[in-house]
Amino acid sequence: MKTTVQRAVCLGLLSAYMACGGLVHAESPDKLYARLAPSVWRVFSFDKAGKGLSQGSAVVTAKGVLLTNCHVISKAAKIVVNQRNQNFPAQLEHIDVERDLCQLRAAELPAAPVSIGDAAQLVVGQKVYTIGNPVNMEQTLSDGLVSALRRDKENQLSLIQISAPISHGSSGGGLFDENGNLVGITSAGIDAAQNLNFAIPINWVKELPARSQAALERYRTGNNAQSTAQNTVPKPAATIAVVSPPVGSGSSPSPSPGPRPVVTGPELNEILKRPTPVVESGFADINDIAKLDQFGVRKGYENFLKAEKPRAFAIVEGGTGWWISFGRSPKNPASSPDPRQRVVKDCEERYQKPCYLYAIDDQVVFKPSRDIAAYTGATPLPPASGFASISDISKLEKFGVRVGYEVFLNKPFPRAFAITADGKSYLSNGTNPKNPESSPEPHVRILGECERYYQRSCYLYAVNGIVVFRPPKELQSAN
């Protein structure tokens, strides 16, 4: 009885609390829009001659401070934020090219900042709103759901996938939860898909000053894989003055005390054109195509080596695919102009699997995060015979199996290749044979499978990344 009375009292108090407005309710879309739209501005970038370069969106997050995507203002000599008939000059303040997040300052901007939310609290299926300027249509509201929360290799939130429609010009706009809190910056969409769009988490803004400072220090000290002479940026008489980001409290003191030099808009935009330096991993030489055999992406890598620079190559986890990005004019204008920044993202969107950056321009940067040594299995591999290198396709022409061998070279490890005396070939790969009674090891099962299939003798030619073939008498004539 006592418990029942207590429960009734609690329910009564809860009802009264809700009636008095004690609980926070989601705003209606019209009220949310009326409150937030004045804080979403258009961004226009111009070159030194005053020619327009691009247009996007930006969100006011503090007095005179806006967030946008770096690709919106790439190569800009002048930046203007606009809303209806109001124009204000803006200046780059913080820059994080890798995350495509840049901060602008427009000192006289008469706009209230939005409330910052927490992207880490988002759940799939949650309703969200976007406000931006798609195709120059000012202050457009869209709604949708959080479709997925994409995470990086460290399981940190890196992309918010949303069903809310966005278009070119929405880049840099705001992604808001039902209470009007800013949880992301809309950044990209896939033109060939329906409502497949992305935003970067707002939580990254906390790290923006420190990451911007680190980028500036790399640039100033010439650690961008360029010479000091190349890093010297001529400063025109009229520049966009940008205050250098302050050194964090944990930073070591500067060896040269005194005021830090003013960083100009053109200098910051040099960082947009020259992001983090490329560091070779030592995993392989750029032309070592055979090193890619274990991932089964030889054909894709050959295409990469023919692609124009700048270029980047990514491989899919498990050796199931590859992706190439090259040039500074991506098909999707919302994507970064830098191939190294868009290749992994595009790869993962295509395959819906983790992808790993393998090479940039003429350098291999891949560092294996797991054991990717050649598969050996329980049964020892036969030793290399010295008959040919694994990449020597011409050796197979005399046996009439060149095409089959090219297919073999584009299969991931484990794999095995066999030939017959009359110009036939057989391939086994993977550890899941069609016949459950067969060995899971390709080099063990291949000869039995080959001879049952062709009803004649077969000879093991290659296993994984080595040629093990030793010509028998009936094949020596072809030698």
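Small disclaimer: the values here were computed from a predicted structure and weren't measured.
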| Are the ring centres of Phe387 and Phe469 closer than 6.0 Å? |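 Between Phe387 and Phe469, the centre distance is under 6.0 Å.
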Is it true that [X] and [Y] have a side-chain N and a carboxylate O under 4.0 angstrom from each other?
X      : Y      : value
Lys309 : Asp361 : no
Arg445 : Glu441 : no
Glu207 : Arg99  : yes

| field | Thr186 and Ser170: CA distance, side-chain angles, deciding distance, side-chain hydrogen bond (donor to acceptor under 3.5 Å, both in side chains) verdict | value | CA-CA 7 Å; Thr186 54; Ser170 298; 5.6 Å; no
Please name the pair of heavy atoms, one in [X] and one in [Y], separated by the smallest distance, quoted to 0.1 Å.
X      : Y      : answer
Pro165 : Ser142 : O-OG, 3.3 Å
Trp41  : Val81  : CE3-C, 4.1 Å
Leu175 : Ala199 : CD2-CB, 3.8 Å

Check whether NZ of the Lys or CZ of the Arg [X] lies under 6.0 Å from the centre of the six-membered ring of [Y] and within 45 degrees of that ring's axis.
X      : Y      : value
Arg311 : Phe304 : yes
Lys51  : Phe46  : no
Arg150 : Phe198 : no

| Parallel, tilted or perpendicular: ring planes of Tyr358 versus Phe295, cut at 30 and 60 degrees |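 Ring orientation, 0 to 90° scale: perpendicular.
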| request: Please work out whether the ring planes of Phe417 and Phe408 are parallel, tilted or perpendicular, with thresholds of 30° and 60°. | output: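 Tilted: the ring planes of Phe417 and Phe408 meet at 30° to 60°.
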Look up atom [atom1] in [X] and atom [atom2] in [Y], then write down how far apart they are to the nearest 0.5 Å.
X      : Y      : atom1 : atom2 : value
Trp322 : Glu302 : CH2   : CD    : 10.5 Å
Leu67  : Leu182 : CG    : CG    : 7.0 Å
Ile200 : Asn69  : CD1   : CG    : 5.0 Å

| task | Kindly indicate whether the side chain of Ser428, heavy atoms from C-beta on, has any atom under 4.5 Å from the side chain of Glu449. | result |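 Ser428 reaches Glu449 side chain to side chain.
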| Any side-chain heavy atom of Asn197 sitting closer than 4.5 Å to one from Gln161? |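 No, their side chains stay 4.5 Å or more apart.
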| query | side-chain contact (heavy atoms from CB on, under 4.5 Å) between Ser385 and Val467: does it pass, once the steps are laid out? | reply | CA-CA 6 Å; Ser385 64; Val467 173; 4.1 Å; yes
